[in-house]
Amino acid sequence: MTKVLSDEIITSIDVGTTKISVFIARRLEGIQCDIIGIGTVPSYGLQKGVVVDVPKAIRSISQAIKEAELMAGVTIEDAYVGISGAHIHAITSQGMVPIMHGAVTEAEVKSVLSAAQTIMIPEGQQIIQVLPQYFILDGKDRVLDPVGMHGIRLEVQVHIILGSIFSVQNLITCCQKAGIQVRDIILEHIASAAAVLSNDERELGVGVLDIGGGTSDFAVYHKSSIRHTKVIPVAGNHFTHDIAIGLRTTVYDAERVKCMYGIALLDQATEPFSIEVARVQGDIMQTIIQSDLVRIIQPRAIELMRLLKTEIVEHELKSYMATGLVLTGGGSLLGSLDTITERIVGLPVRIGKPHTMFEMPPTIRTPLYATGYGILIHILKGHAEKQLHNAKNPLYMRIADRMQRWMKEFF
């Protein structure tokens with residue numbers, strides 16, 4: 001294989017509960033790239049997005065990397081890694097600094113963002129990402145980019161993402177032992193949104209729910225800024241386990257029949273065809289009809305969407321979701337899930353597939369790969385913005401700086 005310069009190649013790793021996806025892309029102009037390698041393998045050693053068995057997780061990551069490298073014909077040394085899991089949560093904070101020389105500078109933007117981070121952080125947690133929602137000049141005008149604007153006082157409202165220090169460290173350790181240096185960690189809510197949302201949806205207001213294997217990641221965008229994030233602890237594996245228990249079948253066969261015949265609404269199961277399912281012993285078959293399967297799936301779908309509705313109502317988010325809700329991730333492929341979501345949440349719903357911003361294999365134009373592809377888009381957009389402003393993007397901290405600080409504080 002050929003070694004290439006790290007700035008020519010971008011690699012994303014989506015470390016999920018059910019699968020590990022690695023995308024290798026060659027950077028082109030602007031936010032264009034050529035996807036040259038893809039590796040996808042089952043994920044072992046993770047539960048709800050958190051590493052619970054380091055050796056198994058390392059093996060899964062290593063295997064996905066090798067598949068992608070073989071396809072691309074290159075050896076990768078670093079990557080951007082998506083992060084989610086039940087340990088992720090968010091808070092809103094504010095900061096304020098004086099404007100010293102009339103016009104806002106990059107240094108003052110960094111200062112006001114730092115001021116917004118002076119918050120009480122729960123023990124064992126650390127700031128993962130700081131996402132500005134808007135800046136305010138002199139207590140009046142809300143702006144997205146205040147650099148160069150005049151005033152005497154700069155304020156900011158930010159969405160701060162917190163996560164378990166040790167969960168993040170374990171994930172990074174697994175990648176490092178698989179031979180990969182982590183260039184940065186990207187919140188998977190943001191990555192999925194980058195893949196499936198349009199600019200108009202972000203501006204007018206939209207919610208996106210990425211239904212993975214272990215957790216479902218919810219985010220709301222309005223006026224091109226992130227307004228809210230939440231990790232909901234119900235996702236695809238819960239449906240699979242319900243089916244396995246309800247039908248007394250193997251987990252493997254439960255996943256198979258879910259993907260092939262599963263739908264979320266009983267009134268949509270109009271054809272009473274027979275389905276062959278293995279018994280839990282694995283060597284005896286049983287016959288069911290689709291309505292038997294749907295009676296198991298529907299209550300879990302209702303639970304997930306009621307949790308989502310509760311989050312929307314409690315935080316008064318509906319007014320920020322003018323264009324509706326986008327479902328993505330592998331769990332969104334469950335039949336009729338969009339219909340039951342519309343009925344419960346009371347918003348227009350669509351299934352989000354990755355936007356084709358450049359040439360990409362048809363096999364990855366599916367919600368299954370929204371996060372891995374979205375990490376690439378997020379990084380490409382950030383790189384383009386840096387080139388445009390000829391300055392380092394102050395909105396995201398480098399992973400090395402974070403890790404050094406964490407090590408000093410806790411060890």
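As the structure is a prediction and not an experimental result, all values here were calculated from the model.
Here E201 pairs with R350 in a salt bridge; the nearest charged N to carboxylate O distance falls below 4.0 Å. Between R153 and E155, at least one side-chain nitrogen of the basic residue sits less than 4.0 Å from a carboxylate oxygen of the acidic one, meeting the salt-bridge criterion.
Seen from the ring of F239, R300 does not count as a face-on cation partner, given the 6.0 Å and 45° thresholds.
Within a 6.0 Å radius of NZ in K19, more than 12 heavy atoms belonging to other residues, nucleotides or ligands are found. The environment of K177 atom NZ is sparse: at most 12 non-hydrogen atoms of other residues, nucleotides or ligands sit within 6.0 angstrom.
H159 and T229 share a donor-acceptor pair across their side chains, judged by distance under 3.5 Å alone. Between the side chains of T240 and E255, at least one donor N or O sits under 3.5 Å from an acceptor N or O. No side-chain N or O of S43 forms a donor-acceptor pair with one of T18 less than 3.5 Å apart. No hydrogens or angles considered: nothing links the side chains of Q133 and S225 as a donor-acceptor pair under 3.5 Å. If you check the side chains of T328 and D210, you find no donor sitting under 3.5 Å from an acceptor.
Contact detail for V51 and A57: the closest heavy-atom pair is CG1-CB, 4.2 Å. The two residues P367 and G352 come nearest to each other via the heavy atoms CG-O, 3.4 Å.
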**Request:** In sequence, state the C-alpha distance, the side-chain angles, and the governing distance for Q157 and Y134, and then conclude on side-chain hydrogen bond (donor to acceptor under 3.5 Å, both in side chains).
**Result:** CA-CA 6 Å; Q157 177 160 306; Y134 53 82; 3.1 Å; yes
**Test log, rule salt bridge (charged side-chain N to carboxylate O under 4.0 Å, His left out), inputs D267 and R295** = CA-CA 10 Å; D267 60 22; R295 286 189 179 94; over 6 Å; no
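Note: H315 and H228 have tilted aromatic rings, judged against thresholds of 30 and 60 degrees for the angle between ring planes.
Side-chain contact between F135 and V112 is present, with at least one heavy-atom pair separated by less than 4.5 Å. Counting heavy atoms from C-beta outward, L154 and M96 have side chains that stay 4.5 Å or more apart. Put simply, the side chain of L113 reaches to within 4.5 Å of the side chain of P132, judged on heavy atoms.
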